[in-house]
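So the structure is just underneath, and the comments pick up after that.
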Amino acid sequence: MDFPYFWCFLVLFLFPKWKRLYPSKKDSFIFSFLVMNVCDFAVKWCDFRSDEKKKRPRDESNTLYVTYHSRCSLDLFLIVSQLRPTVLLSHLGFRVPVVSSLLRALGAIPSTSDVFPDAEATFINHLVSDKPVFLVPGGTHEFSKPVKEKYKVKWHEVPGFARVICKHKLNAVKVVPIFTANCESVFPTTDAWYDATSWRLRATLMDIREGKVHKIPYFWLLVLLSLGNVFLPQRVRMGLCFGEPIRLRDGEDAAAFARRVKAELESLIENTQGSEVYTNADSGEPQQATSLILPHHWLFTRLYTIFQNLLLVIVIVASVAIAIVPAYISSMLMPTRKERKSKSL
């Protein structure tokens, strides 16, 4: 064993994790240790960079960032680590006790639902603040798409953010599309597995919408399985890119506003994925990262990656297992969608 390389590995890979045990004044402990550790690793493993100096708005008050929802979802951690925004997430995550506590500790807020009736007012308050807001309009619908729709933006005709901005005439709010290059190529998987889990995810989401909320913990476990090989990410080059800011025009309706934002995001995805910086022009495959710190001892880096992600998986599975019982009980006490409609009539 070449001990100089071994100690180099310990210093360059393990030290950043211990460093994150002592967060800065602006970060919570959970944000520092969870989100920033993911970013530290992506910088080393995937050459992760951000072009924020070129296009990121200098004034981020009244700013809403929107992006594409990859199956990998690692890119969401990277975006949050760079922008430090208030994150608007699906209410599904806030209905699992352990996950809910974690999300709130990270500063996330739930999307509008019957369970969180004040979510829209909270969203508006954050939109007009000095701190940017970040959301993924495609949500679980875009996340659970089949493999043939990778990198395709799948929004409803009138996404919630467009409806709220138009309804309250928030013309000062600028919506900035962002995208992380090669976000669908990080975890090794197969097309067959991608499609099979897509079908299962959509079926489970349908059950949850029908009131079977005890399936929420199972849904999150299925999400984890659908990612592919999370233990050893591929070394593809990643980068965060920014589109042009878009504001609501006078007299513009929500659907037209959403179409303009969606078109800008689609153009950003096409230009970024088509760039030779991130895609090999000859093979069409993602560009490989080149900043491997230990070229002669790649085994150390891979063993470390497997170990750290195995621990993460164990924590997630344990959290889901703990949450199953209270989620099941709450589903028994909570009225179904049909019951809510009958009461409203």
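- A donor atom on one side chain and an acceptor atom on the other are found under 3.5 Å apart for Asp75 and Ser70.
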Show your working on side-chain contact (heavy atoms from CB on, under 4.5 Å) between Leu170 and Leu248 and close with a plain yes or no. CA-CA 7 Å; Leu170 302 176; Leu248 178 69; over 6 Å; no
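- For the side-chain contact (heavy atoms from CB on, under 4.5 Å) with Phe134, the qualifying choice from Thr86, Ile178, Leu89 is Ile178, the only one to do so.
- Side-chain atoms of Thr140 and Leu201, non-hydrogen and from C-beta on, never get closer than 4.5 Å to each other.
- Within the 4.5 Å cutoff, side-chain heavy atoms of Gln288 are placed close to those of Val236.
- Asn182 contributes no side-chain N or O that, together with a main-chain N or O of Ser185, makes up a donor-acceptor pair within less than 3.5 Å.
- Counted within 6.0 Å of CD on Glu270, heavy atoms from surrounding residues, nucleotides or ligands total 12 or fewer; the atom is thus considered open.
- Under the 3.5 Å distance criterion, the side-chain polar atoms of Thr279 are left unmatched by any main-chain donor or acceptor of Glu276.
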Leu83/Arg56 under side-chain contact (heavy atoms from CB on, under 4.5 Å): CA gap, chis, key distance, verdict: CA-CA 9 Å; Leu83 304 181; Arg56 181 176 177 178; 3.6 Å; yes
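- Heavy atoms from other residues, nucleotides or ligands lying under 6.0 Å from NE2 of His168 number more than 12.
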Would you check, one step at a time, whether the test side-chain hydrogen bond (donor to acceptor under 3.5 Å, both in side chains) holds for Arg200 with Ser226? CA-CA 9 Å; Arg200 190 63 257 171; Ser226 73; over 6 Å; no
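- Ring centers of His141 and His69: at least 6.0 Å apart, outside the cut-off.
- Screening Thr272, Ile269, Ile79 for a side-chain contact (heavy atoms from CB on, under 4.5 Å) with Thr180, the sole residue that qualifies is Ile79.
- Contact check for Tyr278 versus Cys241: side-chain heavy atoms found under the 4.5 Å cut-off.
- When each of Leu127, Val176, Thr63 is tested with Pro132 by the rule side-chain contact (heavy atoms from CB on, under 4.5 Å), just one qualifies, namely Thr63.
- Panel note: side chain Arg237, backbone Val277; a donor-acceptor pair is recorded below 3.5 Å.
- Of the inter-residue distances, the one linking Trp193 atom CH2 with Arg71 atom CZ reads 10.0 Å to the nearest 0.5 angstrom.
- Within the 4.5 Å cutoff, side-chain heavy atoms of Met238 are placed close to those of Val186.
- The shortest side-chain heavy-atom distance between Val175 and Phe257 falls under the 4.5 Å cut-off.
- In summary, Glu264 and Arg259 do not engage in a salt bridge, as defined by a charged side-chain N under 4.0 Å from a carboxylate O.
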Apply side-chain contact (heavy atoms from CB on, under 4.5 Å) to Lys174 and Leu64, showing your working. CA-CA 6 Å; Lys174 51 184 176 289; Leu64 173 64; over 6 Å; no
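- Remark: side-chain polar atoms of Asp195 are paired, donor with acceptor, to backbone N or O of Val147 under 3.5 angstrom.
- Panel note: side chain Glu142, backbone Lys154; a donor-acceptor pair is recorded below 3.5 Å.
- Formation of a donor-acceptor pair under 3.5 Å by the Arg202 side chain with backbone atoms of Ser144 is found in this model.
- Residues satisfying the side chain to side chain contact (heavy atoms under 4.5 Å, CB included) criterion with Lys262, sequence neighbours excluded, are Val153, Trp155, Glu266.
- The backbone N or O of Asp130 sits nowhere less than 3.5 Å from a side-chain atom of Asn62 that would complete a donor-acceptor pair.
- Inter-residue side-chain proximity for Asn229 and Phe187 is flagged as unmet; no heavy-atom pair is nearer than 4.5 Å.
- We find that Lys167 and Glu120 are joined by a salt bridge, their nearest charged nitrogen and carboxylate oxygen being less than 4.0 Å apart.
- A cation-pi arrangement is absent between Lys145 and Tyr151 under the rule of less than 6.0 angstrom and at most 45 degrees off the ring axis.
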Check the pair Phe77 / Ser73 against side-chain contact (heavy atoms from CB on, under 4.5 Å), numbers first and verdict last. CA-CA 7 Å; Phe77 283 83; Ser73 298; 5.7 Å; no
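- Between Phe179 and Phe242 there is no side-chain heavy-atom pair separated by less than 4.5 Å.
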